2 protein chains.
Amino acid sequence: MDESYRPAAGRSNQANESVTLEDVARLAGVTAMTVSRALKRPELVKEETRQRVLDAVQATGYVPNMLAGALATNKSHLVALLLPTIATSIFTDMVQAMMSTLAASGYQTLLGLTDYLRDREEQIVQTLLGRRPDAIVLTGTDHSAITRDRLLKTKVPIIEIWDLTDDPIDMLIGFSHEAVGRAVARHLLDKGYRRFAVLSADDPRGLRRSGSIVEELKRHGVHDVPMEVLRAPATLQTGREGLVRLLEKGLPDVIACSTDTLAQGVLAEAARRGISIPREVAVMGFGDLSTAAHVHPALSTVRIDGAAIGKLAAEALLRRLDGKEQAPAALRVDTGFTIVDRESA
Amino acid sequence: MDESYRPAAGRSNQANESVTLEDVARLAGVTAMTVSRALKRPELVKEETRQRVLDAVQATGYVPNMLAGALATNKSHLVALLLPTIATSIFTDMVQAMMSTLAASGYQTLLGLTDYLRDREEQIVQTLLGRRPDAIVLTGTDHSAITRDRLLKTKVPIIEIWDLTDDPIDMLIGFSHEAVGRAVARHLLDKGYRRFAVLSADDPRGLRRSGSIVEELKRHGVHDVPMEVLRAPATLQTGREGLVRLLEKGLPDVIACSTDTLAQGVLAEAARRGISIPREVAVMGFGDLSTAAHVHPALSTVRIDGAAIGKLAAEALLRRLDGKEQAPAALRVDTGFTIVDRESA
DNA sequence: CTGTTAGCGCATTCAC
DNA sequence: GTGAATGCGCTAACAG
């Protein structure tokens with residue numbers, strides 16, 4: 001008989017116990033291709049056979065192997081998301097929004113944490129590229145030369161978020177940290193504060209915000225603003241320490257913090273010391289919209305809309321990936337920020 | 001000449017522009033197999049050719065395709081991590097610890113957010129299984145029947161974390177939420193409080209902690225403890241709302257919250273209303289060790305060590321995956337918790 | 001509407 | 001030390 005057929009004899013205990021298309025096909029009395037179609041393009045398959053296939057899938061507990069699928073189609077349905085850290089609440093809204101938008105379109109998220117380290121980012125980009133993600137999201141715009149290079153060569157859509165720059169790798173969605181700093185300085189000056197202090201985590205963007213506050217103050221004739229820089233990621237504990245150190249330099253009118261978390265730490269320590277906020281010292285924070293909403297009635301803060309960034313980014317990617325948009329003009333969105341003043345709210 | 005060689009003519013513009021082993025091999029004047037060896041098992045390759053290969057890799061910008069690698073070896077080096085949400089700080093330490101431990105051994109993390117929904121979890125498990133992860137980490141032990149079933153059939157190592165149960169799917173690392181509730185109740189009773197109130201988010205484990213507090217109080221003769229249940233995930237804002245609602249029922253001695261975040265919201269609202277903490281009302285929280293350390297000098301809380309859970313889980317998985325341990329006795333770890341009393345600290 | 005052929009990129013298993 | 005053959009599980013492209 002037909003010896004060219006080798007009816008899968010003796011393959012029963014392969015190392016890999018997983019059910020394949022072939023297995024389902026055999027049970028349904030069709031070929032693998034038909035099973036594949038029944039699952040992915042049901043409209044191409046007769047209703048009756050489709051039913052048989054579905055039953056077979058059910059019976060075998062078949063779960064499509066997306067590794068194989070991705071290899072064959074050159075589409076992984078994976079998005080790589082690089083984040084400095086999740087130990088700070090600042091990014092969580094963004095992540096949540098992005099992931100759920102992506103998930104709704106069948107994309108999964110591969111996470112990489114860089115710890116604010118360029119070298120780490122470089123290494124993670126390298127490994128994540130090995131997964132052939134359909135898109136890459138980077139937090140920030142400051143990357144190692146090698147990272148930039150690798151990414152520029154790639155055809156995968158890339159979005160840098162959470163910052164602005166004149167030469168993005170590809171798409172860009174964020175806001176200007178310098179603008180935030182300047183706005184904070186002017187806002188506080190307008191409110192009549194004169195004795196300033198700045199508390200900052202030592203992450204690159206936090207430092208830029210804080211630095212811009214100091215510069216803008218200088219431009220308005222306020223010099224020698226005391227500034228304490230603390231190790232990122234910012235925690236409540238470091239915020240408390242920060243206040244302690246600032247107080248050694250005298251009591252200011254207002255303390256501008258690079259992050260809401262630091263600001264909360266300051267509030268906690270102030271409470272312990274019986275310092276009244278904002279009567280004796282006002283506190284200004286910076287952070288994400290919803291998570292930290294209503295942090296404290298006495299805390300003024302700069303609000304950015306992380307969820308919006310995440311959603312916008314995801315949508316831009318999906319537009320590109322679904323082929324609606326082939327090589328769009330470089331997307332660039334300034335999502336801006338809002339100063340929330342508790343006293344005048 | 002040698003016509004059996006088909007020097008890759010006309011393949012220049014495949015859909016997929018990516019460099020393959022073959023491309024590197026050609027440039028280095030060896031076969032793909034040798035390149036593969038030079039990269040993964042360098043000791044099997046002559047130093048000189050290894051160097052040539054490495055140069056070729058450099059020149060071409062080759063990045064190994066892990067989809068193909070995973071398909072061939074049936075090892076994805078991927079760990080699926082299912083989490084209710086990251087919008088709340090409670091899990092962040094755990095995630096950070098787990099991811100960095102895994103990353104150090106070359107494993108990447110695929111994240112799935114369930115929003116505390118069993119059906120969502122079911123769906124996510126299904127899709128993530130398609131990536132053929134080498135291990136799966138689930139938060140909690142309460143899964144849909146289908147999820148349990150699918151997971152029991154799989155040979156992939158599975159760890160359930162953040163809870164305890166008598167019939168884990170596989171490995172288990174966590175603590176008892178009932179024990180937490182009972183301990184909180186007894187602790188507060190010992191300290192002399194008599195007029196209790198409970199504030200809880202409506203996530204399953206939070207409810208169990210809060211429920212256990214109420215039960216234990218009842219067992220000690222304290223009945224009719226007012227309890228407000230708020231929508232998960234808990235935010236500062238919901239914490240503030242919670243206090244408002246509780247106050248309508250009268251001022252208690254102490255408020256036990258299902259989460260530090262809720263507790264902080266209570267503190268913020270209390271500050272706004274000029275209620276002195278802990279003099280007029282004491283507040284008790286629950287949360288993760290390091291992130292929220294020193295939340296507030298006046299806040300007592302139950303501490304769990306999320307980082308430890310993450311690290312333990314990752315290490316247990318790695319032990320299994322690296323083959324040191326084939327079919328170990330079921331791992332079961334109670335990581336316990338600590339009551340931190342601010343007044344007596 | 002369904003089947004056949006071929007190949008995605010890599011690694012295992014023999015040869016040499 | 002290195003090469004050749006083969007297959008991982010799936011799907012594009014073409015037949016019929």
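Treat the numbers as computed from the prediction; the structure is a model and nothing was measured. Throughout, protein chains are lettered first and strands after them, A, B, ... in sequence-line order, and every chain is numbered starting at 1.
For C:dT2, one of the phosphate oxygens OP1 or OP2 lies less than 4.0 angstrom from a side-chain nitrogen or oxygen of A:Thr49. A close approach under 4.0 Å does not occur between any side-chain nitrogen or oxygen of B:Thr20 and OP1 or OP2 of C:dG9. For C:dC10, the OP1/OP2 oxygens have no side-chain nitrogen or oxygen of B:Ser36 closer than 4.0 Å. Between B:Thr73 and the phosphate of C:dA11, there is no side-chain N or O to OP1/OP2 separation shorter than 4.0 Å.
Nearest to the side chain of B:Lys46, among D:dC10, C:dC1, D:dT2, sits D:dT2. The side chain of A:Arg37 approaches C:dT2 more closely than any other nucleotide in the set D:dA12, D:dC10, C:dT2. Distances from the side chain of A:Thr34 to the nucleotides C:dT2, C:dT13, C:dA11 place C:dT2 closest.
Whole-Å rounding puts the A:Met33 CE to D:dG9 C1' distance at 12 Å. In this structure, B:Arg26 atom CZ and D:dG3 atom C1' are separated by 16 Å, rounded to whole Å. What separates CG of A:Leu21 from P of D:dC8 is a distance of 13 Å, to the nearest Å. Between the P atom of D:dT11 and the CZ atom of A:Arg41 lies a distance of 11 Å, rounded to the nearest Å. With rounding to whole Å, A:Glu47 atom CD is found 16 Å from C:dT2 atom C1'. Here D:dC10 presents its C1' atom at 11 Å from CZ of B:Arg132, a figure rounded to the nearest Å. One can place CD of A:Glu22 at 10 Å from P of D:dC8, the figure rounded to the nearest angstrom. The CG atom of A:Asn74 sits 15 Å away from the C1' atom of C:dC10 (whole-angstrom rounding).
The residue from B:Thr109, B:Leu81, B:Leu78 that alone fulfils the side-chain contact (heavy atoms from CB on, under 4.5 Å) condition with B:Leu102 is B:Thr109. When each of A:Leu129, A:Val79, A:Leu128 is tested with A:Ile136 by the rule side-chain contact (heavy atoms from CB on, under 4.5 Å), just one qualifies, namely A:Leu129.
Take the nearest nucleotide of DNA chain D for A:Lys40 and for B:Leu44: the residue whose nucleotide is more 5' is B:Leu44. A residue-by-residue look at B:Ala72 and B:Val30 shows that B:Val30 has its nearest nucleotide of DNA chain D further toward the 5' end.
Closest of all the heavy-atom pairs between B:Ile86 and A:Gln96 is N-OE1, 3.4 Å. Residues A:Ala38 and A:Val53 share a closest heavy-atom pair of CB-CG1, 3.7 Å. A:Ala313 and A:Ile159 get closest at one heavy-atom pair: O-CD1, 3.4 Å.
In this structure, B:Leu71 reaches the bases: a heavy-atom distance under 4.0 Å links it to at least one base atom across the strands shown.
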